[in-house]
Amino acid sequence: MDALPDLRVTVEPRFRPDHSQPGRWLFQYIIRIENHTSESWQVVAREWMITDGLGRVTSVSGEGVVGQMPILPPGGVYVYDSFVTLESTPGRMSGLFVLRDAWNAPGRTYVPEFELRLPLEFSEMEEKGETPGRVLN
């Protein structure tokens, strides 16, 4: 059975209007992984469950994160960002990171579910099928 070490994951999602249009809403998310154990852990894979506003679920998995397999020493922190596009909002994501310790023993840590929600002015646009007329920051 996989260990569940005390690695804490926090997520900060951000809507990116500069790369979005109706039917292709782009969200950036910043992941912070903190190692609160006395052992080193390596992130070797990730698994995501992405649900769009219509309830469609997409599973994504792969090696490492953003092309890396970071090692978090005791007290270590690793931060990275990535993105996802949704056809319909609001959406949500959750997932897990597959880990291994210095002796190659398996572990995992979970990513709490987070929402992917449009700001009000874009939600109204999505409902009407309109295209943004200007870029908002």
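Distance check: Arg14 CZ to Phe83 CZ gives 15.5 Å after rounding to the nearest 0.5 Å. Here the CZ atom belonging to Arg56 is positioned 12.5 Å from the CD1 atom belonging to Ile50, to the nearest 0.5 angstrom. Here the straight-line distance linking atom CZ of Arg46 with atom CG of Leu96 works out to 11.5 Å at 0.5 Å rounding. With values rounded to the nearest 0.5 angstrom, Arg8 atom CZ is found 11.5 Å from Arg32 atom CZ. With rounding to the nearest 0.5 Å, the separation of OG1 in Thr10 from CZ in Phe114 is 11.0 Å. The OH atom of Tyr80 lies 5.5 Å from the OH atom of Tyr29; values are rounded to the nearest 0.5 Å.
The cluster map of Ile, Leu, Val, Met, Phe, Trp and Tyr, joined by side-chain heavy atoms under 4.5 Å apart, puts Val43 and Val9 in the same cluster. Hydrophobic clustering (ILVMFWY, side-chain heavy atoms < 4.5 Å, transitive): Val66 and Val11 are in one cluster. A chain of hydrophobic side-chain contacts below 4.5 Å, direct or via other Ile, Leu, Val, Met, Phe, Trp or Tyr residues, connects Leu116 to Val60. Linking ILVMFWY side-chain heavy atoms closer than 4.5 Å, directly or via other members, places Val111 and Ile30 in two distinct hydrophobic clusters. Leu99 and Val44 fall into different hydrophobic clusters, where Ile, Leu, Val, Met, Phe, Trp and Tyr residues are linked whenever their side-chain heavy atoms come under 4.5 Å apart, directly or through other members.
Nearest heavy-atom pair across Asn35 and Pro73 is ND2-O, 3.2 Å. Of all non-hydrogen atoms in Asp52 and Ser88, the two that sit nearest each other are CB-O, 3.5 Å. Leu4 approaches Tyr110 most closely through the heavy-atom pair CD2-CE1, 3.8 Å. Smallest separation of non-hydrogen atoms from Leu86 and Thr89: CD1-CG2, 4.2 Å. Heavy-atom minimum distance, Pro119 versus Phe15: CD-CD2, 3.3 Å. What you find for Ser20 and Leu26 is that their closest heavy atoms are OG-N, 2.8 Å.
Contact annotation: the side chain of Ser59 approaches that of Met49 to within less than 4.5 Å [non-hydrogen atoms, C-beta and beyond]. Annotation: side chain of Ser40 is in contact with side chain of Pro74 (closest heavy-atom distance under 4.5 Å). Counting only heavy atoms from C-beta outward, the side chains of Val65 and Tyr78 approach each other to under 4.5 Å.
Between the side chain of Thr109 and the main chain of Leu7, a donor-acceptor pair closer than 3.5 Å is present.
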Practice prompt. Show the numbers, then the answer: is there a side-chain contact (heavy atoms from CB on, under 4.5 Å) between Ile31 and Val79?
Written response: CA-CA 6 Å; Ile31 302 284; Val79 178; over 6 Å; no

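Residue Glu113 places its CD atom among more than 12 non-hydrogen atoms of other residues, nucleotides or ligands, all under 6.0 Å distant.
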